[in-house]
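Just the heavy atoms: all of them, side chains too, but no hydrogens, waters or symmetry mates, feed the values below.
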Amino acid sequence: GTGPILMDNVRCRGSEAKLQYCSSTSQQNSYCGHHEDASVSCAPSIRLQGEIATDTEGRVEVFQNGVWGTVCDNDWDINDATVVCRQLGYSRALSAPRRAAYGQGTGPILMTYVRCRGSEAKLQDCPFRKYSSYYSCGHSKDASVSCATIRLGGDHATDSEGHVEVFQNGVWGTVCDNGWDIDDATVVCRQLGYSHALSTPRRAAYGQGTGPILMDDVQCRGSEAELQHCIFTSRHNCHHGEDAGVSCEATQIRLRGENATDSKGRVELFRNGRWGTVCDNDWDMNDATVVCRQLGYPHALSANRRAAYGQGTG
């Protein structure tokens, strides 16, 4: 930095409200130069908590005015969840669970009626209302997120093709292409919301990545929910000239809802960066058959209407 050095030999207990309340020596007694300027890296003001919560999914809690609190799920949708996930370092949100899906929180409810566009840097940058007893909210309506731990990068990469990057232990890294095949790529594409993989580009086809190489000798069966659930080794003898890539079927479609499976559920499409539903006006067996074929099945057995698998959001 520039200017005077104002504090030296700072000794905080950790409980002080301000740095100025800690023990220190003043500028006049300082023997420092600016090559010794102190710095910090602060934890994000948002976290995921709850029953069976992980680093990538859980109940959303925000830090305001010295306390942690929850977010009410009024108007909570995939755009809000995407901002949370990006704030935590992930590429995007997979879903925006509501109704205290990860258990009820404690403490104050700090935000409600959050309305993000999806491009904000922090959830706190989105329009929202401070909670008061006027709004109908309790911890049974705590909002949650599930974040993606995989993304595609590289030269000329798109949402559906590029070299594979995974998020582990707080950093993004690449995957080595030793043993990389269509089963591995299929798991990646499904994890990203696509129906299947078209090809498995190898040898850094989309340009060499940077950072650590986090996975090697990946061996998926093709049915795993995430690439990280496949057999792999963290030790490698690779370089970024061997970064693995995928090319996914570009039209994103999925089945979701209460009691949904891989072959039945509420139809959802991914467009313009967010998931949405399909209205059942004129919905028939021909429409359902197209969906089923797109998902890799031969034909449809039924074309359910009236939110048969529960109402969607977004």
Side-chain angles (χ1 to χ4, degrees), residues 1 6-7 10-24 38-149 167 169-172 273-275 313-314:
L6 298 176
M7 299 178 75
V10 179
R11 294 183 178 89
C12 296
R13 297 186 303 275
S15 58
E16 295 86 352
K18 297 181 180 180
L19 185 68
Q20 294 90 325
Y21 296 164
C22 300
S23 171
S24 68
S39 305
V40 299
S41 177
C42 300
S45 57
I46 199 163
R47 67 185 184 185
L48 304 181
Q49 299 290 290
E51 301 165 7
I52 64 172
T54 67
D55 289 342
T56 61
E57 60 181 345
R59 180 181 61 249
V60 178
E61 297 189 356
V62 293
F63 191 75
Q64 289 182 10
N65 301 319
V67 296
W68 286 99
T70 61
V71 178
C72 183
D73 67 8
N74 289 334
D75 289 342
W76 188 252
D77 64 16
I78 197 68
N79 290 332
D80 308 321
T82 291
V83 173
V84 170
C85 291
R86 287 181 178 156
Q87 189 174 348
L88 289 168
Y90 303 106
S91 56
R92 63 185 180 89
L94 297 175
S95 63
R98 303 170 72 176
R99 297 286 176 183
Y102 293 87
Q104 297 186 25
T106 58
I109 299 170
L110 297 175
M111 304 173 73
T112 186
Y113 289 106
V114 179
R115 295 186 177 97
C116 299
R117 297 185 305 274
S119 58
E120 294 87 350
K122 298 188 298 181
L123 189 69
Q124 294 89 333
D125 293 340
C126 301
F128 71 92
R129 298 177 188 176
K130 294 181 179 180
Y131 175 75
S132 74
S133 58
Y134 175 80
Y135 302 115
S136 175
C137 247
H139 283 299
S140 63
K141 298 182 67 178
D142 285 342
S144 304
V145 299
S146 176
C147 303
T149 57
F167 192 80
N169 301 319
V171 297
W172 286 98
R274 59 181 183 176
W275 287 98
T313 59

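Residues forming a ring-ring contact (aromatic ring centres under 6.0 Å, His included) with Phe63 (at least two apart in sequence, or on another chain): Trp68. The side-chain hydrogen bond (donor to acceptor under 3.5 Å, both in side chains) search around Arg98 returns none, not counting sequence neighbours.
Remark: Lys18 NZ to Cys22 SG distance equals 12.0 Å, nearest 0.5 Å. Rounding to the nearest 0.5 Å places OH of Tyr113 at 7.5 Å from SG of Cys137. Rounding to the nearest 0.5 Å places CZ of Arg11 at 13.0 Å from CD of Glu16. Note that CG of Leu123 is 4.5 Å distant from CD1 of Ile46, once rounded to the nearest 0.5 Å. Separating the CD atom in Gln64 from the OG atom in Ser45 is a distance of 8.0 Å, to the nearest 0.5 Å. Here the straight-line distance linking atom CD of Gln49 with atom OG1 of Thr106 works out to 9.5 Å at 0.5 Å rounding.
Across all their heavy atoms, Tyr90 and Ala148 have their closest contact at CB-O, 3.3 Å. Of all heavy-atom pairs spanning Ser95 and Ala81, the tightest one is O-CB, 3.8 Å. Across every non-hydrogen atom of Ser119 and Val83, the tightest pair is N-CG2, 4.5 Å. Scanning both residues, Pro108 and Val67, for their nearest heavy atoms gives CG-CG2, 4.2 Å. Considering all non-hydrogen atoms of both residues, Pro97 and Ser146 come closest at CD-N, 4.1 Å.
Open room surrounds CZ on Arg117; 12 or fewer heavy atoms of other groups in view lie less than 6.0 Å from it. The number of heavy-atom neighbours closer than 6.0 Å to CG of Asp55, taken from other residues, nucleotides and ligands shown, is 12 or below.
Formation of a donor-acceptor pair under 3.5 Å by the His139 side chain with backbone atoms of Gly107 is found in this model. Side-chain atoms of Arg59 never come within 3.5 Å of backbone atoms of Glu51 as a donor-acceptor pair (strictly under, hydrogens ignored). The closest donor-acceptor contact from the side chain of Asp142 to the backbone of Gln104 lies at 3.5 Å or more, if one exists at all. A donor-acceptor pair under 3.5 Å links the side-chain atoms of Asp80 to the main chain of Cys116, judged by distance alone. Proximity of a side-chain donor or acceptor of Trp76 to a complementary backbone N or O of Val114 within less than 3.5 Å is not detected. Remark: the backbone N or O of Thr56 is paired with a side-chain donor or acceptor of Thr54 at under 3.5 angstrom.
A side chain to side chain donor-acceptor pair (under 3.5 Å) with Thr112 holds for exactly one of Asn74, Asp75, Thr70; it is Asn74.
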Checklist entry - Would Val71 and Val84 count as a side-chain contact (heavy atoms from CB on, under 4.5 Å) if you check the C-alpha gap in whole Å, the side-chain angles of each, and the deciding distance to 0.1 Å? => result CA-CA 11 Å; Val71 178; Val84 170; over 6 Å; no

Checklist entry - Under the side-chain contact (heavy atoms from CB on, under 4.5 Å) criterion, do Met111 and Lys130 qualify, and how do the steps go? => result CA-CA 5 Å; Met111 304 173 73; Lys130 294 181 179 180; over 6 Å; no

